[in-house]
Structures are given as C-alpha cells and as structure tokens.
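One structure below.
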Amino acid sequence: MTELISESGVDVSKLFYSAGMVAGGNDEVDVKGIRKRLNMTQSEFAISFGISVASLREWERNTRSPRGATLVLLKVLEKEPEAVLRALA
C-alpha cells in the first residue's frame, strides 16, 4: 500500500488534513448542500452512501458532525461527486 501511494505522487499528509483527520484540521462539511447538489432526498442519499437517515438528519441540523471514513466520503462527494457516483455504479 505504501508503495502504491508513493508511486501516485500524492501527498498523503494533505489528504488527511483536508479530510479533517489531524489536529486542527477542517472537519466542517455542508452535508445538506452536498445532498441538495446531488438532487437526492435524505432517504436516497442515506441508501446510496451507506449512511443512516438518523445520522444524516443530525449532521444536517448540525447537532452532530460526521467523522472518520464518513467524513472522508463526504469531502470527496463535496469536491468530486461524479467520481464517487461512477465508483459506486
């Protein structure tokens, strides 16, 4: 895995930082905005990306924040939604 990352030329530290996975990282993401840009209902979005509707609602109300792998997925959806949709097709 390390070899593959090295060959890709990607600065992994920037990936972790941009996903809010290091101290002081930006972990804010506009979940509702992402869902609306994809023209999906809460149920459609939750089913499509393996998220519970209850969690999605809490994120959209800002009563909780996504973390870990879910935060990474949402960051990618925010910047490259077509890539995620292609990958999951």
For this session: Taking Lys75 for its side chain and Glu28 for its backbone only, find out whether a donor-acceptor pair lies under 3.5 Å.
Result: yes
Problem set entry | Contacts of type salt bridge (charged side-chain N to carboxylate O under 4.0 Å, His left out), residue Arg37, not counting sequence neighbours | none
Seminar exercise, completed: Sorted by chain and residue number, the side-chain hydrogen bond (donor to acceptor under 3.5 Å, both in side chains) partners of Ser43 (sequence neighbours excluded) come out as none
Exercise. With a 4.0 Å cut-off, would you call Lys32 and Glu60 a salt bridge?
Worked result: no
Exercise. Is the shortest side-chain N to carboxylate O distance from Glu44 to Arg35 below 4.0 Å?
Worked result: no
For this session: Tell me whether Leu88 is reachable from Ile47 by hopping between hydrophobic residues (I, L, V, M, F, W, Y) whose side-chain heavy atoms are closer than 4.5 Å.
Result: no
For this session: Could you pull out the closest heavy-atom pair between Ala46 and Val53, with the gap in Å?
Result: CB-CG2, 3.6 Å
Exercise. Would you say Leu38 and Pro81 make side-chain contact, with heavy atoms under 4.5 Å?
Worked result: yes
Problem set entry | Shortest non-hydrogen contact between Leu74 and Ile34, atoms and distance | O-CD1, 3.5 Å
For this session: Could you list the residues that satisfy side-chain hydrogen bond (donor to acceptor under 3.5 Å, both in side chains) with Ser65, not counting sequence neighbours?
Result: none
For this session: Determine whether Phe45 and Asn39 make a side-chain contact, defined as any pair of heavy atoms from C-beta on separated by less than 4.5 Å.
Result: no
Exercise. Of all residues at least two apart in sequence or in a different chain, which pass the side-chain hydrogen bond (donor to acceptor under 3.5 Å, both in side chains) check with Arg67?
Worked result: none
For this session: State the CD-OG distance between Gln42 and Ser52, to the nearest 0.5 angstrom.
Result: 10.5 Å
Problem set entry | Ala83: partners by side chain to side chain contact (heavy atoms under 4.5 Å, CB included), with sequence neighbours left out | Glu80, Arg86
Problem set entry | Phe49 side chain reached by Thr70 side chain, heavy atoms, under 4.5 Å | no
Problem set entry | Minimum heavy-atom distance Pro66-Val31, with the two atoms named | CG-CG2, 4.3 Å
Seminar exercise, completed: When rounded to the nearest 0.5 Å, the distance separating CG of Leu56 from CZ of Arg64 is 11.0 Å
For this session: Using salt bridge (charged side-chain N to carboxylate O under 4.0 Å, His left out) as the criterion, list what pairs up with Glu78, not counting sequence neighbours.
Result: none
